[in-house]
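In what follows, chains carry the letters A, B, and so on, assigned in the order in which the sequence lines appear, proteins first and then strands, with residues in each chain numbered from 1. Computed from a predicted model, the values in this text were never measured in an experiment.
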2 protein chains.
Amino acid sequence: MVIDQQKCLLMARTCACFSLRRASRLVSQAFDRALKPSGLRITQFSVLSAYHMSGDLGISKMSRGLGMDRTTLSRNLKLLAQKGLITLEPAEDRREQRVKVTQKGAQAFEQAVPYWEQAQQKVISTLGDEKWAAMQQDLRALAAGAK
Amino acid sequence: MVIDQQKCLLMARTCACFSLRRASRLVSQAFDRALKPSGLRITQFSVLSAYHMSGDLGISKMSRGLGMDRTTLSRNLKLLAQKGLITLEPAEDRREQRVKVTQKGAQAFEQAVPYWEQAQQKVISTLGDEKWAAMQQDLRALAAGAK
DNA sequence: GGATGATATGAGTATATACACTCAATTTAG
DNA sequence: CTAAATTGAGTGTATATACTCATATCATCC
């Protein structure tokens with residue numbers, strides 16, 4: 001049962017997961033570089049953005065909405081809290097934690113937006129708006145189908 | 001300079017980096033679940049596959065080929081070496097490390113292939129072959145453009 | 001109204017990722 | 001042939017990711 005070279009080559013080139021991870025790595029690096037002056041990483045920017053937009057979700061619910069593991073989001077939030085960009089407070093349902101974006105957090109986010117826009121523009125322009133829109137949709141489909 | 005809710009929403013939905021990371025996370029989870037019986041993670045499978053195919057590349061060269069950071073690949077390889085799936089030996093150019101896939105490594109890889117095929121099939125079938133082929137190409141373009 | 005199942009979270013552990021800094025070996029310029 | 005530039009790799013540090021296990025709270029159903 002030996003796997004030949006050809007098949008290996010094919011596998012490396014066509015593996016859906018590898019292609020996605022590779023693109024994700026490289027695009028993330030580009031965004032992190034662009035965001036550097038803001039002091040935020042792209043993950044932190046995304047999480048901050050999500051809570052800026054709808055801050056009244058518990059960690060689990062938000063993690064489902066974002067397609068992140070609950071514990072991953074939890075640890076990302078801990079970092080943001082350490083930086084003073086959010087606060088974590090108990091909710092009425094005492095199992096839940098409420099996330100509030102602090103003034104400092106809102107400021108950091110807003111100052112980061114132009115850098116994000118620049119990176120976003122650059123990355124998307126590689127494909128053009130049309131192809132990007134299609135990919136956006138297909139990425140959603142893949143993510144949904146992976147569950 | 002307040003960023004309004006609408007704009008936030010738009011950002012979260014359209015951020016290229018977030019979309020990619022999200023899809024990457026969820027698809028990776030699916031592949032890792034599928035590969036679980038093999039004892040390999042998808043990253044380890046990918047790296048093993050790459051060296052199975054062309055084992056005579058130093059770490060830096062291989063990392064460039066795979067679109068991975070050199071130190072990331074280096075640490076991934078250390079794990080594979082700990083598991084006895086590869087060995088690291090100095091090359092003629094004494095700066096380089098040569099990676100050899102061991103018998104055990106080749107076996108582990110080959111035994112994992114069917115699980116990989118199953119996951120690959122499942123993920124791709126979400127889009128269909130045609131859309132997947134297009135996405136594959138566009139992901140490459142994005143990755144290339146991000147540098 | 002207390003047992004039971006569902007839900008929310010945290011902690012421990014392991015892996016993946018990459019930047020900055022450093023050192024060693026090689027190559028190249030003069 | 002030597003000094004400088006390049007190249008290959010390791011370490012320290014920080015972040016991102018997710019699985020498993022444990023715990024606390026809530027909702028619900030007799």
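Put simply, chain A comes within 4.0 Å of DNA chain D, heavy atom to any atom, from D:dT15 to D:dC26, going 5' to 3'.
The only member of B:Phe45, B:Trp116, B:Tyr51 that meets ring pair (Phe, Tyr, Trp, His ring centres under 6.0 Å) when paired with B:Phe109 is B:Phe45.
Atom P of nucleotide C:dA25 and atom CD of B:Glu96 are separated by 14 Å, given to the nearest angstrom.
Taking a cutoff of 4.0 Å between a charged side-chain nitrogen and a carboxylate oxygen, A:Glu96 and A:Arg98 qualify as a salt bridge.
Residue contacts for B:Thr72: at a heavy-atom cut-off of 4.0 Å it reaches a base atom on one of the strands shown. Note on B:Thr43: only backbone sugar-phosphate atoms sit closer than 4.0 angstrom, heavy atoms only; bases stay farther off. Using a 4.0 Å heavy-atom criterion, one finds that B:Arg75 contacts the bases of the nucleic acid, with or without backbone contacts as well. Within 4.0 Å of B:Ser74, counting heavy atoms only, lie sugar-phosphate atoms of the nucleic acid but no base atom. Within 4.0 Å of A:Arg70, counting heavy atoms only, lies at least one base atom of the nucleic acid.
Minimum interatomic distance between B:Ser19 and A:Leu139 (heavy atoms only, all atoms of both residues): CB-CD1, 4.0 Å. Shown here for B:Ala16 and A:Val123, the closest heavy-atom pair between the two residues is CB-CG1, 4.1 Å.
Only A:Arg41, listed by number, bring a heavy atom of residues 28-42 of chain A to less than 4.0 angstrom from any atom of DNA chain D. Near-neighbour residues of DNA chain C inside residues 81-95 of chain B, defined by a heavy atom below 4.0 Å, number-ordered: B:Glu92, B:Asp93, B:Arg94, B:Arg95.
Between B:Gln97 and A:Leu79, the residue whose closest nucleotide on DNA chain D is further toward the 5' end is B:Gln97.
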